[in-house]
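Reviewing the structure listed below.
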Amino acid sequence: MTSVSLHASPRWPTVMVEQMCSVGLLLREGAAMLLTAFGAMSAIGIYAARDARAFNIVHPAQTINVNLAFHPGMSIVVAVIGALLPFLVWQDEDPSRRLYHWAMPISRRSHSLSKVVAGWAWMMVVTLLFVLTIGAVSTIIERSSGLAQRHEAGFAPWEWAVPFGCATITYLLASAFAVGVRRPVIWLGSIAAGYGFLHFALAALDMRNALRQARSLVFGAYGLFSAISGRIYAVDMETLVIGPDVLTWLGGFALWTGVGAVLLVAALARHVEPS
Amino acid sequence: MTAAARISTAPLMVPSPFPTALNGGELAVCTTALTKYYGWHPALKNVGLQVPVGSVYLLVGPNGAGKSTTIKILLDMVRPSGGAAHVFDMNSQRHAAVVRANVGYVPEQLNWGYGWMKVGRLLEHHSRYFPNWDDSYAKHLADAFELRLDRKLKTLSKGQGRRVHLAMALAHRPPLLVLDEPTDGLDPVMRDDTMRVLIDHLAETPTTVLLSTHHVSEVETLADHIGVIRNGELCAQMPIERLRRGLLRYRADVPDGWQGASLFGDAVLRRNTTRNEIEWTVWGEEAQIAGELAMSGATVRDATPISLHDATLALLTPKRAVR
């Protein structure tokens with residue numbers, strides 16, 4: 001034992017709070033742009049509704065409606081944001097240039113995880129803002145223009161959770177690549193291209209069973225697209241159907257969140273030496 | 001092939017003629033047979049670094065000798081291929097987080113990321129990770145290093161970036177400072193100021209310092225131990241006082257046709273010979289060397305200690321010095 005009086009490592013909650021602050025600071029410019037985009041889209045929606053109302057007054061026989069009631073398919077917006085956010089969170093810090101992050105007195109894995117969690121928390125805030133914006137815009141349209149804002153047939157309250165689930169899935173999957181590999185965009189592009197090539201090859205070889213399996217990975221009831229959109233999946237090669245039930249969606253969400261989590265754990269465990 | 005297999009097939013190393021281990025005392029840093037391969041290239045070969053608690057240990061070596069690799073292994077940024085490193089008796093890989101909590105580190109390369117953050121915010125960010133962070137001392141250091149807190153890190157010059165890292169390393173008053181080229185990129189005035197801040201810090205705070213620098217003359221009065229690393233091997237390690245006693249410059253008059261040119265072999269690290277005078281830098285016991293010179297017919301005028309800078313240059317001579 002050393003006779004030197006040693007210093008303690010920081011407590012994890014302190015690190016977590018600091019990561020929330022620093023990631024928030026890092027994202028503030030992007031967030032401002034995003035809020036502006038949300039605002040602009042809302043203004044366009046409200047303006048279009050006012051226009052539609054004016055049209056309906058003049059042409060009562062040909063009524064048009066602007067329906068911006070929440071639909072789980074809208075989640076594609078937060079899915080895209082979720083897929084891009086990790087690259088903002090880890091900007092200028094590929095695994096071989098993460099020296100400052102790794103020089104901190106906390107285990108490398110925990111530290112990286114805290115940053116991923118901080119990014120996810122902000123992603124949830126963005127998703128909440130997105131959902132609230134849609135709710136607010138449709139309410140404003142209904143009250144100011146009298147245009148009915150109705151959910152489509154079969155809409156169930158659980159579908160409000162879809163944006164949060166889909167943002168989590170894309171954020172986790174993209175984070176695993178941003179954390180673990182030096183050129184994540186090339187990796188993700190290669191995987192997408194590889195999947196496309198496999199699909200093409202199986203179709204060309206008329207291997208229908210294998211093709212169905214490959215398609216179900218993305219478009220099946222538990223496929224990635226179904227989990228992200230919460231709405232659409234394929235029952236067979238040709239037919240897309242609307243609406244998995246809540247259990248099917250939860251199954252797909254759990255499956256793809258699990259895949260993302262496993263990839264993330266593998267990425268966090270990777271030791272990369274500084275270049 | 002595993003690293004262990006590569007090590008076993010490496011040629012046997014010639015033992016260094018200089019001391020490479022310290023005698024006793026509590027160690028802040030201790031590495032055992034530390035070995036690192038990058039691919040097939042050996043960056044470190046069985047390095048046994050020993051930094052006593054409370055010492056200012058100067059680690060010198062040419063570029064690419066393995067100094068920075070050794071330092072990064074201590075902080076678990078680089079994993080060794082063989083051997084082990086301990087800091088305050090803690091394995092640097094198994095207890096990496098606690099080790100880093102007790103080290104103030106100034107890296108050689110400043111390309112660390114976080115370039116988007118302003119200096120003031122970076123200091124605040126850093127302070128959250130070190131429970132012993134001393135706010136008033138951090139302010140004092142920011143003044144002393146003339147830090148511009150409103151500037152983003154990526155807009156700073158090399159010297160300014162170095163000063164930010166020095167402030168971050170010192171402000172939590174760590175028991176161990178690991179400074180990798182801490183004055184690189186600083187102008188002479190700031191270099192002088194930095195050394196003064198460091199001296200003041202050591203006077204106020206009980207600290208062990210592991211310092212790697214090419215500017216040896218700057219730390220002449222500060223360092224009390226030295227380690228010389230060359231081609232990945234630790235070829236000398238001793239207290240500076242032992243170096244001053246053992247490495248002397250001998251001036252002697254020699255008669256015409258003196259036959260002693262081959263005396264001491266490669267223990268002569270520097271030779272400057274004219275017709276009737278020699279000025280040699282030789283490693284060994286003074287009485288023995290003076291005696292052998294006298295026996296060869298030379299008249300020793302004086303044997304003087306050399307500066308740390310000259311001693312380092314002599315030790316880093318590529319020629320193998322075997323007595």
Side-chain angles (χ1 to χ4, degrees), chain A residues 1-30 87-115 118 178-179 182 269-275, chain B residues 26-28 36 38 53-54 68-69 72 75-79 86-90 93 95-107 109-118 121-122 124-133 153-154 165 168-169 172-176 178 206-208:
Chain A
M1 282 293 288
T2 181
S3 63
V4 175
S5 167
L6 296 178
H7 295 183
S9 289
R11 292 168 60 242
W12 201 75
T14 312
V15 172
M16 194 60 245
V17 169
E18 176 52 26
Q19 279 300 325
M20 280 294 294
C21 295
S22 63
V23 170
L25 201 61
L26 173 65
L27 298 177
R28 65 186 169 166
E29 284 175 15
F87 303 108
L88 266 180
V89 170
W90 294 97
Q91 62 177 287
D92 300 330
E93 284 192 275
D94 73 46
S96 66
R97 287 195 297 159
R98 215 165 278 164
L99 280 182
Y100 179 66
H101 188 74
W102 286 349
M104 292 287 113
I106 177 170
S107 98
R108 224 183 248 195
R109 214 177 291 187
S110 308
H111 199 198
S112 297
L113 182 63
S114 70
K115 195 160 178 165
V179 169
R182 201 174 291 195
R270 198 165 168 241
H271 171 80
V272 180
E273 308 236 312
S275 57
Chain B
E26 188 183 352
L27 297 174
K36 175 65 183 175
Y38 287 113
V53 166
S68 294
T69 300
K72 283 175 186 158
L75 298 169
D76 192 38
M77 289 178 179
V78 165
R79 298 263 162 90
H86 289 83
V87 177
F88 296 122
D89 294 335
M90 293 177 288
Q93 203 171 319
H95 305 284
V98 190
V99 166
R100 289 194 291 261
N102 288 280
V103 174
Y105 173 47
V106 174
Q109 302 287 338
L110 296 173
N111 182 17
W112 268 30
Y114 282 65
W116 56 272
M117 212 179 243
K118 287 183 178 167
R121 181 66 183 84
L122 183 67
E124 199 183 323
H125 175 77
H126 205 70
S127 71
R128 304 275 192 269
Y129 286 83
F130 293 93
N132 289 60
W133 184 269
L153 201 60
K154 67 181 171 194
H165 281 288
M168 293 196 301
H172 59 105
R173 299 186 187 275
L176 174 64
V178 176
T207 313
T208 305

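Proteins get letters first, then strands, A, B, ... in listed order; numbering begins at 1 in each.
If you tally non-hydrogen atom pairs under 4.5 Å between each of A:His111, A:Gln91, A:Gln19, A:Met104 and chain B, the highest count goes to A:Met104. Counting heavy-atom pairs closer than 4.5 Å to chain B, the top-ranked of the candidates A:Leu25, A:Val17, A:Val272 is A:Leu25. When each of B:Val98, B:Asp89, B:Asn132 is checked for heavy-atom pairs under 4.5 Å with chain A, B:Asn132 comes out on top.
For the pair A:Val4 and B:Pro175, the tightest heavy-atom approach, listed with the atom from each and the gap, is CG1-CB, 3.6 Å. For B:Ala101 against A:His7, the heavy-atom pair with the smallest separation is O-CB, 3.7 Å. The shortest non-hydrogen separation linking B:Arg121 to A:Cys21 is NH2-CB, 3.6 Å. Smallest separation of non-hydrogen atoms from A:Glu273 and B:Arg79: OE2-N, 2.9 Å.
Other residues, nucleotides and ligands contribute only 12 or fewer heavy atoms inside 6.0 Å of the CD atom of A:Glu29.
Scored by the side chain to side chain contact (heavy atoms under 4.5 Å, CB included) test, A:Ser107 finds A:Arg109, A:Ser110 as partners (sequence neighbours excluded). The side chain to side chain contact (heavy atoms under 4.5 Å, CB included) search around B:Leu75 returns B:Met77, B:Arg100, B:Val103, B:Tyr105, not counting sequence neighbours.
In this structure, CG on A:Leu26 lies 8.5 Å from OH on B:Tyr114, to the nearest 0.5 angstrom.
Here the side chain of A:Arg108 pairs no donor or acceptor atom with the backbone of B:Ala96 at under 3.5 angstrom.
Looking at heavy atoms from C-beta onward, B:Lys154 lies out of side-chain contact with A:Asp92 at the 4.5 angstrom threshold.
Under 3.5 Å, the side chains of B:His126 and A:Tyr100 contain a donor-acceptor pair of N or O atoms.
For the side-chain contact (heavy atoms from CB on, under 4.5 Å) test with A:Pro10, the passing option among B:Trp133, B:Phe130, B:Tyr129 is B:Tyr129; the others fail.
Using a 4.5 Å cut-off between heavy atoms, B:Val53 touches chain A through its side chain atoms alone.
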